[in-house]
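Heads up: the structure comes next, in structure tokens.
Residues: numbered from 1 along the sequence shown.
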Amino acid sequence: MAGVGALAQIVVDGVSVGAIYGLVALGFVLIYKSSEVVNFALGDLLMFAAFMGWTFADPLGLPLWLSVVGAVVATALLGGFINQAFMTRILGQPQFAHILLTIGIAFALRGVVFMLWGVDQRTLDSLAPDTRWSVLGVSIHADNIQIILVTLVLVAGLFLFFRRAISGLAMRAVAENQMAAYLMSIPVRRYIAAVWMMAAAIAAMGGLLLAPLLLVDGNLWMVVIKGLIVAVIGGFHSIPGALLGGIIIGLVEQFAGVYLDSSLRELSVYGFFFVL
């Protein structure tokens, strides 16, 4: 029974960590579906959101829930600004130009974050209570439940939005064929800007869920690497695939950390990706 309990514990931890990877992948999927651009700045937007959340909660002393909302809104606005100020200027250029530009934006944003907040680590409380339950020998923290629930709600909400809402259907039309959507009087640029803001907000949620677990740190941007792997595994056009891919990578990482040498934990993710 102890073996079963340990196995279940790994699954719970893997699913909760994988859910965050799925959120980052979801940001990749949204932008790629609308404009076929791979946004490498998502990790830095995630890191920016964590620092903004800390700024609202600690120096400014705002309630934690308001700090989270403020950080998400600020990051969404930054995502919209990046699209409007930079990405629209290279419309029609080869996809490689868009990739290089997002990489440059990522480095610039990282530099701004380090200039404003420095390199010191900070702590950010979680909205979930500091409560832990033991179910059949499996320790489940409230943070695990919060991460899984938030991810499921976002994935389900976006799935329904793109299937049922008029704006969601218009965004799907833009993703399928921008020129045809434009000829059908769909405001293509407006919808692409909205998608960039949505993707930035989702990345912000990932950063704010991750920060209480890993601290508010300048290395949070590196989660974008696993988010990209998840997006590739789940398919760049699939919202449920982003969640499924995140869970798979989270489980691989947790199982490797327990049953293999801890130094192979990160390597196992890349090895699994290349095997696929």
Side-chain angles (χ1 to χ4, degrees), residues 20-60 67-91 93 95-124 189 192-231 236 242:
I20 296 178
Y21 298 156
L23 285 179
V24 180
L26 195 57
F28 279 114
V29 169
L30 288 178
I31 293 178
Y32 190 82
K33 279 172 67 70
S34 67
S35 54
E36 293 190 346
V37 173
V38 179
N39 182 13
F40 284 93
L42 275 178
D44 296 274
L45 287 168
L46 179 150
M47 176 181 64
F48 171 82
F51 277 97
M52 285 299 299
W54 172 84
T55 301
F56 286 133
D58 198 332
L60 297 182
S67 301
V68 169
V69 172
V72 171
V73 171
T75 308
L77 291 175
L78 179 58
F81 170 77
I82 289 172
N83 173 72
Q84 190 65 30
F86 304 105
M87 305 308 299
T88 56
R89 296 178 180 273
I90 60 169
L91 284 176
Q93 297 299 316
Q95 192 177 44
F96 187 65
H98 293 83
I99 292 175
L100 288 179
L101 181 57
T102 60
I103 292 174
I105 292 170
F107 278 106
L109 183 57
R110 202 172 310 157
V112 170
V113 168
F114 289 157
M115 182 175 64
L116 293 177
W117 286 284
V119 296
D120 294 334
Q121 293 181 330
R122 296 164 173 86
T123 59
L124 180 65
R189 292 197 177 195
I192 291 177
V195 169
W196 272 76
M197 294 180 70
M198 289 170 59
I202 290 171
M205 288 301 303
L208 293 166
L209 290 171
L210 195 60
L213 304 177
L214 300 181
L215 300 178
V216 179
D217 182 74
N219 290 322
L220 281 178
W221 69 269
M222 295 182 68
V223 74
V224 74
I225 300 173
K226 291 176 184 174
L228 182 59
I229 291 174
V230 168
F236 268 99

Just do the side-chain contact (heavy atoms from CB on, under 4.5 Å) check on Leu228 and Phe40 with the steps written out, would you? CA-CA 9 Å; Leu228 182 59; Phe40 284 93; 3.6 Å; yes

Does any pair with a residue in residues 196-206 pass salt bridge (Lys or Arg N to Asp or Glu O under 4.0 Å), and if so which ones, sequence neighbours excluded? none

Met197 and side-chain contact (heavy atoms from CB on, under 4.5 Å): which partner among Leu77, Asn83, Ile192? Leu77

Heavy-atom count check: over 12 atoms from other residues, nucleotides or ligands less than 6.0 Å from Phe107 CZ? no

A side-chain contact here means heavy atoms from C-beta on lying under 4.5 Å apart; do Phe81 and Phe86 qualify? yes

Only pairs under 3.5 Å count here: list side-chain donor-acceptor contacts from residues 20-31, not counting sequence neighbours, and write none if there are none.
residue: Tyr21; atom: OH; partner: Lys226; partner atom: NZ; Å: 3.3
residue: Tyr21; atom: OH; partner: Glu253; partner atom: OE1; Å: 2.9
residue: Tyr21; atom: OH; partner: Glu253; partner atom: OE2; Å: 3.1

Smallest separation among heavy atoms of Ala76 and Ala200, with atom names: CA-CB, 4.0 Å

Using atom types as modelled, flag every donor-acceptor pair under 3.5 Å from a side chain in residues 202-220 to any protein atom, sequence neighbours excluded.
residue: Asp217; atom: OD1; partner: Gln121; partner atom: NE2; Å: 3.1
residue: Asp217; atom: OD2; partner: Asn219; partner atom: N; Å: 2.8
residue: Asp217; atom: OD2; partner: Asn219; partner atom: ND2; Å: 3.3

Taking it one step at a time, do Leu109 and Met47 satisfy side-chain contact (heavy atoms from CB on, under 4.5 Å)? CA-CA 10 Å; Leu109 183 57; Met47 176 181 64; 5.9 Å; no

Taking only residues two or more places apart in sequence or in another chain, which ones pass salt bridge (charged side-chain N to carboxylate O under 4.0 Å, His left out) with Arg110? Asp44

Pairs meeting criterion side-chain hydrogen bond (donor to acceptor under 3.5 Å, both in side chains) with involvement of residues 45-57, two or more places apart: Trp54-Asp58, Thr55-Trp117

Show the numbers, then the answer: is there a side-chain contact (heavy atoms from CB on, under 4.5 Å) between Val37 and Leu101? CA-CA 10 Å; Val37 173; Leu101 181 57; over 6 Å; no

ring-ring contact (aromatic ring centres under 6.0 Å, His included) with Tyr32: which residues, sequence neighbours excluded? Phe236, His237

Please report the interatomic distance CH2(Trp196) to CG(Leu42), rounded to the nearest 0.5 Å. 7.5 Å

When rounded to the nearest 0.5 Å, the distance separating CE of Met87 from CD1 of Ile82 is 9.5 Å

How close do Ser67 and Phe56 get, counting heavy atoms only, and between which atoms? OG-C, 3.3 Å

If you measure from CE on Met52 to CG on Leu60, what distance do you get to the nearest 0.5 Å? 8.0 Å

Could you state the interatomic distance from CD1 (Ile99) to CD1 (Ile103), rounded to the nearest 0.5 Å? 7.0 Å

Taking every non-hydrogen atom, the tightest pair across Val72 and Ala201: CG1-CB, 3.9 Å

